[in-house]
There are 2 protein chains.
Amino acid sequence: MVDDTGLEQMVCFQLYAASRAMTAIYRPALDPHGLTYPQYLALRVLWHRGPTTVRELGKQLDLDSGTLSPLLKRLETAGHVTRTRGTTDERTVVVHLTDSGRSLRETLTDLPRRIACSVDLTEDEFIQLHHLLGRVRGTTSP
Amino acid sequence: MVDDTGLEQMVCFQLYAASRAMTAIYRPALDPHGLTYPQYLALRVLWHRGPTTVRELGKQLDLDSGTLSPLLKRLETAGHVTRTRGTTDERTVVVHLTDSGRSLRETLTDLPRRIACSVDLTEDEFIQLHHLLGRVRGTTSP
DNA sequence: CACAACTAAGTTGCGCGCAACTGGATGCGG
DNA sequence: CCGCATCCAGTTGCGCGCAACTTAGTTGTG
């Protein structure tokens with residue numbers, strides 16, 4: 001099982017493959033609503049925090065404006081959010097949920113739970129995985 | 001720390017963010033050689049297995065021809081591999097390393113070790129993480 | 001106040017991922 | 001041997017990610 005590709009490499013590939021596998025699990029649930037997984041993540045932040053600047057969305061999701069600007073524009077044309085210039089600082093753009101965007105929260109409310117059930121990990125394993133991924137993120141991003 | 005976004009959701013996002021963080025760590029090491037992380041993974045398979053069909057590469061990397069065909073074409077124009085039709089089965093395409101592709105193996109030989117050092121996890125934590133990611137992959141992909 | 005340094009968002013360009021499809025090769029049942 | 005389902009790569013189209021750059025607005029400093 002452990003071949004000569006090296007354990008660390010394997011971990012990195014596993015990360016890469018597992019991440020894609022997880023978003024693949026979300027896809028069939030999000031597709032009917034015309035949402036992608038990153039769009040869903042952006043909506044989650046908005047559901048959680050209310051009106052949010054692009055910059056703050058970027059901090060929460062670890063994405064830059066090069067990714068977020070087109071993504072938010074698509075969410076806007078889909079009718080889920082509006083984008084308005086900030087009043088005090090006109091450089092910023094504040095993203096607001098529309099009724100459509102808010103209503104998605106309820107229709108998708110039990111999604112994470114359903115996903116968790118389809119992934120065969122125990123509660124403890126979820127916590128361990130969460131902890132380890134947090135450490136990877138913590139030691140790599142700063 | 002655990003807010004109302006739900007633990008499973010957090011794990012999924014952590015996976016998504018950690019995967020991108022890891023490939024970001026590889027980037028500065030691969031960039032000078034004009035390689036991307038997925039290209040590096042494909043080369044690893046070729047280093048490990050020798051001449052390999054596109055289909056087998058897809059199985060190893062969990063990618064389809066829609067992703068691999070252009071990737072391999074770029075590796076070919078970069079001079080690292082050649083692609084030739086299979087002799088017995090002319091549907092298949094066998095990917096061979098060139099001298100250039102083989103030489104990369106030596107220049108990048110200690111890369112995983114260096115990456116592992118820059119990620120502050122213990123040996124045990126690497127093993128745990130590897131195991132948990134394997135379980136996620138195992139329970140989601142089939 | 002003037003002006004440089006900085007910042008926020010957007011744009012461009014490129015390489016993935018993945019769905020949907022195409023075309024050529026293979027194999028298998030009749 | 002023929003026709004038809006199946007399989008392998010490749011192509012197309014679209015949405016990320018991310019680097020590099022642009023534009024517009026803000027802040028700080030003399």
Side-chain angles (χ1 to χ4, degrees), chain A residues 13 15-28 30-43 52-59 61-78 81 83-95 141, chain B residues 13 16-28 30-43 52-59 61-78 81-95 141:
Chain A
F13 169 70
L15 217 41
Y16 162 81
S19 172
R20 289 188 292 121
M22 281 298 289
T23 73
I25 295 199
Y26 273 87
R27 206 184 322 280
L30 297 176
D31 241 23
H33 303 95
L35 290 177
T36 65
Y37 182 66
Q39 288 170 9
Y40 168 72
L41 290 179
L43 287 177
T52 309
T53 62
V54 174
R55 170 178 164 65
E56 184 60 27
L57 277 169
K59 251 196 256 182
L61 300 174
D62 213 357
L63 294 171
D64 67 354
S65 69
T67 300
L68 282 176
S69 287
L71 185 152
L72 293 171
K73 200 186 278 187
R74 281 186 284 272
L75 280 182
E76 187 177 39
T77 59
V81 304
R83 294 184 299 156
T84 53
R85 285 276 158 195
T87 51
T88 64
D89 186 341
E90 290 197 1
R91 287 172 304 180
T92 66
V93 164
V94 184
V95 184
S141 41
Chain B
F13 170 70
Y16 162 82
S19 172
R20 289 188 292 123
M22 282 298 289
T23 73
I25 295 199
Y26 273 87
R27 206 184 321 281
L30 297 176
D31 240 24
H33 302 94
L35 290 177
T36 64
Y37 182 65
Q39 287 170 11
Y40 168 72
L41 290 179
L43 287 177
T52 310
T53 62
V54 174
R55 168 177 166 67
E56 184 60 26
L57 278 169
K59 251 195 256 181
L61 301 173
D62 212 357
L63 293 171
D64 67 355
S65 69
T67 300
L68 283 175
S69 287
L71 185 152
L72 293 171
K73 201 186 276 186
R74 282 185 284 272
L75 280 181
E76 188 176 39
T77 59
V81 304
T82 61
R83 294 184 300 156
T84 53
R85 285 277 157 195
T87 50
T88 64
D89 187 342
E90 290 197 1
R91 288 172 302 181
T92 66
V93 165
V94 184
V95 184
S141 42

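Every chain is numbered from 1 and lettered A, B, ... according to where its sequence line falls, protein lines coming before strand lines. Computed from a predicted model, the values in this text were never measured in an experiment.
Contacts of A:R83 classified as salt bridge (Lys or Arg N to Asp or Glu O under 4.0 Å), with partners at least two apart in sequence or in another chain: A:E76. Under the side-chain contact (heavy atoms from CB on, under 4.5 Å) criterion, A:T84 pairs with A:V94, A:H96, sequence neighbours left out. Every residue two or more places apart in sequence or in another chain that forms a salt bridge (Lys or Arg N to Asp or Glu O under 4.0 Å) with A:R91 is listed here: A:D89. Applying the side-chain contact (heavy atoms from CB on, under 4.5 Å) test to B:S69 and every residue at least two apart in sequence or in another chain returns B:S65. Residues forming a salt bridge (Lys or Arg N to Asp or Glu O under 4.0 Å) with A:D64 (at least two apart in sequence, or on another chain): none.
Along DNA chain C, the nucleotide closest to B:T88 and the one closest to A:E56 are compared, and the more 5′ of them pairs with A:E56.
Using a 4.5 Å heavy-atom cutoff, the side chains of B:L35 and B:L75 are in contact.
Listed nucleotides: D:dA9, C:dG10, D:dT26. Nearest to the side chain of A:D89: D:dT26.
Rounded to an integer number of Å, the gap from A:L72 CG to C:dA9 C1' is 10 Å. We find that CG of A:L68 is positioned 14 Å from C1' of C:dT11, with the value rounded to whole Å. Protein atom CD of A:E90 is 13 Å distant from nucleotide atom P of C:dA9, rounded to whole Å. Taking atom CZ on A:R85 and atom C1' on C:dA8, their separation rounds to 8 Å, with Å as the unit. Note: CG (B:L35) to P (C:dC14) measures 18 Å, nearest angstrom. As rounded to whole Å, 12 Å separates atom C1' of D:dT6 from atom CZ of B:R55.
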query: With the sugar-phosphate defined as primed atoms, P, OP1 and OP2, and the base as all remaining atoms, what B/S/- string results for nucleotides 16-23 of chain D, 5' to 3', for protein heavy atoms under 4.0 Å?
result: SBBB----
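Base contact: B:S69 has a heavy atom under 4.0 Å from a base atom.
Applying the 4.0 Å criterion to OP1 and OP2 of D:dG15, one finds that A:K73 has every side-chain N and O outside that range.
Scanning atom types as modelled, one donor and one acceptor separated by under 3.5 angstrom connect the side chain of A:R91 and the base of C:dT7.
Classification of the B:Y16-A:Y37 ring pair by plane angle, with boundaries at 30° and 60°, yields perpendicular.
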